[in-house]
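Single-structure report; data block below.
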Amino acid sequence: MIGVGKIKQYSNVLDKPLSKGKQEVSLSAFAFLFSELVQYNQTQVDNIAELERRLEDAGYAVGARVLELLCHRDKGNRRETRLLGILSFVHSTVWKVLFGKVADSLEKGTEHEDEYMISEKELLVNRFISIPKDMGTFNCGAFVAGIVRGVLDSAGFPAVVTAHFVPVEGQQRPRTTILIKFAEEVLTSFSLIVTLFL
Amino acid sequence: MDTNDSLRVASLWHSMHAISQQLSPTTGCSGIELLEADTFDLHCFQSLTGTKFFVVCEPGTQHMESLLKVIYELYTDYVLKNPFYEMEMPIRCELFDINLSQAVQKDRVAMLGR
């Protein structure tokens, strides 16, 4: 930050305190930037699965950095060791910082033990995007799925995260669900810790 | 009205608009804003970039300018921010259609109330 009225001069940029940052960013600016990101990736790939993977990779980078920043700012450099802890961290803190509100709901999957779902009526990144019919089930929310995967991976809970449209009766637009499927080792280590304490 | 017909009408209007700009006896004319005929009125709004929005309505309908401005806002939101829209192509954005019909509906209801 050059030129802003500084009270103290820091010789080394690493000594400067981390600022809280601007709390608000123009939604239109972000929408145009995200649209350009999608368009750029579309020119580089041949099929939709590849496009989704690229968007997810972009989100992964964001997620890893967001975890570091939030751990320092909001949690006083403590790290989450429990599954539910990290899930509620993603559901509330990460969502609040990135999208200005907490996610609509966090649910545990009924079919499998290792599946959790974060639902949102409409993802912020999808607000102005209409998917053409010939793209099938493609969801630009893959970017957000990548962010979640980045946060979970960097926190030590490897998972496969995907974004899906779930049609809702009575509503024209389907709601979006981020499906989190944890890797084997996460659940075994979790149950190991539980058995150790029993 | 299918795509070809609407393309034909739009290109016809574009040419008429451009010709009227040249023909106008006053200086600094920016083109036709209102066309009044026996059975319809045509209101036209031109953005700063030259994109024209026109609405055909019953003769004597009020407040079409504000409707056109609302439509312009919807265009910038749901069409220009859509990564799957190519410039100059016919608009096939679901969100734009939904919000457009909502805006027209709201306008119709407001007018019936007056």
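Chain A is the first sequence line, chain B the second, and so forth, proteins listed ahead of strands; every chain is numbered from 1.
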Under a 4.0 Å N-O cut-off, is there an ion pair linking A:E122 with A:R175? no
Side chain, backbone, both or neither: which part of A:Q42 has an atom under 4.5 Å from a heavy atom of chain B? side chain
Contact class of A:R127 relative to chain B, heavy atoms under 4.5 angstrom: backbone
A:R53 with A:E56: basic N within carboxylate O range, under 4.0 Å: no
Between B:I98 and chain A, which part of the residue has a heavy atom less than 4.5 Å away: side chain, backbone, both or neither? side chain
At a heavy-atom separation under 4.5 Å, does A:F138 approach chain B through its side chain, its backbone, both, or neither? side chain
Residues A:K121 and A:D104 bridged, charged N to O under 4.0 Å: no
Salt bridge or not for A:D57 and A:R149, using N-O below 4.0 Å? yes
